[in-house]
Amino acid sequence: METYTIKKGDSFELEDIFECGQCFRWNKIKEKTYIGVIKEGVVRAEEHEDKIKFTGKLVDGYDFKKVIRDYFDLNTDYASYKEILKNIDSYMGKSIEYGSGIRILNQDLWECIISFIISANNNIPRIKKIIENISKAYGKKIVFEEKEYYTFPDSVALSKASVEDLRKMGLGFRDVRVYNTTKMIVENKVDLENIKKLDSTEDMRNVLLTLDGVGPKVADCILLFSLKRWDVFPIDVWVRRVMNDLYIKRNDEKKVSKKEILELATKKYGKISGLAQQYLFYWKRGK
DNA sequence: GTCCAGGGAATCA
DNA sequence: TGATTCCATGGA
């Protein structure tokens, strides 16, 4: 058992971080307390008046403080980015006020890929349930404070599952996509460590797009939530809705093309479009 | 019964 | 390139 405590600051709220749709393995245990399973182990995060306390149990060989600081993006100055966005327009100001405690987590690449393949045409509660099912069936058990948790399986472990096995996890039509992508990664047709070394966002995206079940939106989520690429702007039904409601104002939002939204977002938010997208998504979708 | 969910792939013009 | 349709599943 290890602990690490930080000062709270003005850009750190557990609810905003965990409920803004970027992650699927954190659950609210009680008021201002969440427990989550990340790649390295189980972590409890408690919010107090002026500090955040992390308590956890990691698998061997990890530095707790280092894992927490990296995962919660604690070396990034959100206040300065918020200041830039606030000056763009009043909508941005409102959405930042609403989700002022958001931080963009740095999640494990492999887990992020599979999680967002599962997210396609799905809803958040069910996505969480499917990921939980997969972890229970193929992940490693960790006992933390007398309760059992399961890590998300690595690619080798998940490659033991057949398409039929995956279907039993509740994946629906996404079973073949998860199966194929897992196989491509295990067989090293796509090298995840190599993706991390690429320098342009576009190069990274093009590799991700070769994976079955990874299209433009899923690729952008992976780039934003795992690869620190904030110049992307994932467009889903909610983001399309909010961008149409605020700026484009077409009668039928479904007629608004992704290209049109993307051009607008890039012009307005530039290199930090991804952060802007999270504030807008969370603001529109609600807590 | 109908609609919808943090879309992608296949198909066709 | 761009638009349509289908894809399992579960909850509202």
Inset, instruction - Would you mind reporting whether Lys140(A) and Val59(A) have side-chain heavy atoms less than 4.5 Å apart? - result: no
Inset, instruction - Assign Asp175(A) to base, sugar-phosphate, or nothing according to its heavy-atom contacts below 4.0 angstrom with the strands shown. - result: nothing
Inset, instruction - Please report, rounded to the nearest Å, how far the C1' atom of dT1(C) is from the NZ atom of Lys258(A). - result: 15 Å
Inset, instruction - Could you tell me how the ring of Tyr71(A) sits relative to the ring of Trp26(A): parallel (under 30°), tilted (30 to 60°) or perpendicular (over 60°)? - result: tilted
Inset, instruction - For the pair Tyr78(A) and Trp230(A), name the ring-plane relationship: parallel under 30°, tilted 30 to 60°, perpendicular over 60°. - result: tilted
Inset, instruction - Go through Leu246(A) and Leu280(A) one step at a time and tell me if the side-chain contact (heavy atoms from CB on, under 4.5 Å) criterion holds. - result: CA-CA 10 Å; Leu246(A) 298 184; Leu280(A) 289 169; 4.2 Å; yes
Inset, instruction - Kindly say whether the aromatic ring centers of Tyr138(A) and Tyr150(A) come within a distance under 6.0 Å. - result: no
Inset, instruction - Quick one: the dot-bracket string of DNA chain C, using Watson-Crick and G-U wobble pairs with both distances under 3.5 Å, [ ] for crossing pairs and | for bases paired to another strand. - result: |||||||.||||
Inset, instruction - Take the angle between the ring planes of Phe72(A) and Phe18(A) and call it parallel below 30°, perpendicular above 60°, tilted in between. - result: perpendicular
Inset, instruction - Summarise protein proximity over nucleotides 6-12 of chain C in one line of letters, 5' to 3': B for base, S for sugar-phosphate only, - for none, counting protein heavy atoms closer than 4.0 Å. - result: -BBBS--
Legend entry - For Arg126(A) against Gly170(A), the heavy-atom pair lying closest together: NH1-O, 3.1 Å
Inset, instruction - Return the 5'-most residue of the pair Phe281(A), Val214(A) with respect to DNA chain B, ranking by each residue's nearest nucleotide. - result: Phe281(A)
Inset, instruction - Can you tell me the distance, in whole Å, between the CG atom of Leu208(A) and the P atom of dA9(B)? - result: 12 Å
Inset, instruction - State plainly whether the residues Glu145(A) and Lys147(A) are in salt-bridge range, i.e. N to O under 4.0 Å. - result: no
Inset, instruction - State whether a side-chain donor-acceptor pair under 3.5 Å links Ser159(A) with Lys183(A). - result: no
Inset, instruction - Quick one: label Gly213(A) by what it contacts on the DNA or RNA (base, sugar-phosphate, nothing), any heavy atom closer than 4.0 Å. - result: sugar-phosphate
Find every protein N or O atom lying less than 3.5 Å from an N or O atom of nucleotides 3-5 of chain C, and list the pairs.
none

Legend entry - With sequence neighbours excluded, residues passing salt bridge (charged side-chain N to carboxylate O under 4.0 Å, His left out) with Asp89(A): Lys268(A)
Legend entry - Residues Lys8(A), Asp50(A): salt bridge by 4.0 Å N-O rule: no
Legend entry - For Lys51(A), side chain to side chain contact (heavy atoms under 4.5 Å, CB included) partners two or more places apart: Thr5(A), His48(A)
Legend entry - 5′-ward residue of the pair Ile127(A)/Leu211(A) relative to DNA chain B: Ile127(A)
Legend entry - Aromatic ring pairing Phe281(A)/Trp238(A), orientation class (parallel under 30°, perpendicular over 60°, tilted between): perpendicular
Legend entry - Positive for salt bridge (Lys or Arg N to Asp or Glu O under 4.0 Å) with Asp220(A), one of Lys258(A), Arg229(A), Arg205(A): Arg205(A)
Inset, instruction - Using a 4.0 Å heavy-atom cut-off across all strands, classify Phe116(A) as base, sugar-phosphate, or nothing. - result: nothing
Inset, instruction - Quick one: label Cys20(A) by what it contacts on the DNA or RNA (base, sugar-phosphate, nothing), any heavy atom closer than 4.0 Å. - result: base
Inset, instruction - Strictly below 4.0 Å, heavy-atom distances to any atom of DNA chain B: list the hits from residues 219-245 of chain A, or just say none. - result: Phe225(A), Pro234(A), Asp236(A), Val237(A), Trp238(A), Val239(A), Arg241(A)
Inset, instruction - Using the P atoms only, state how far dG8(B) lies from dG10(C), rounded to an integer number of Å. - result: 22 Å
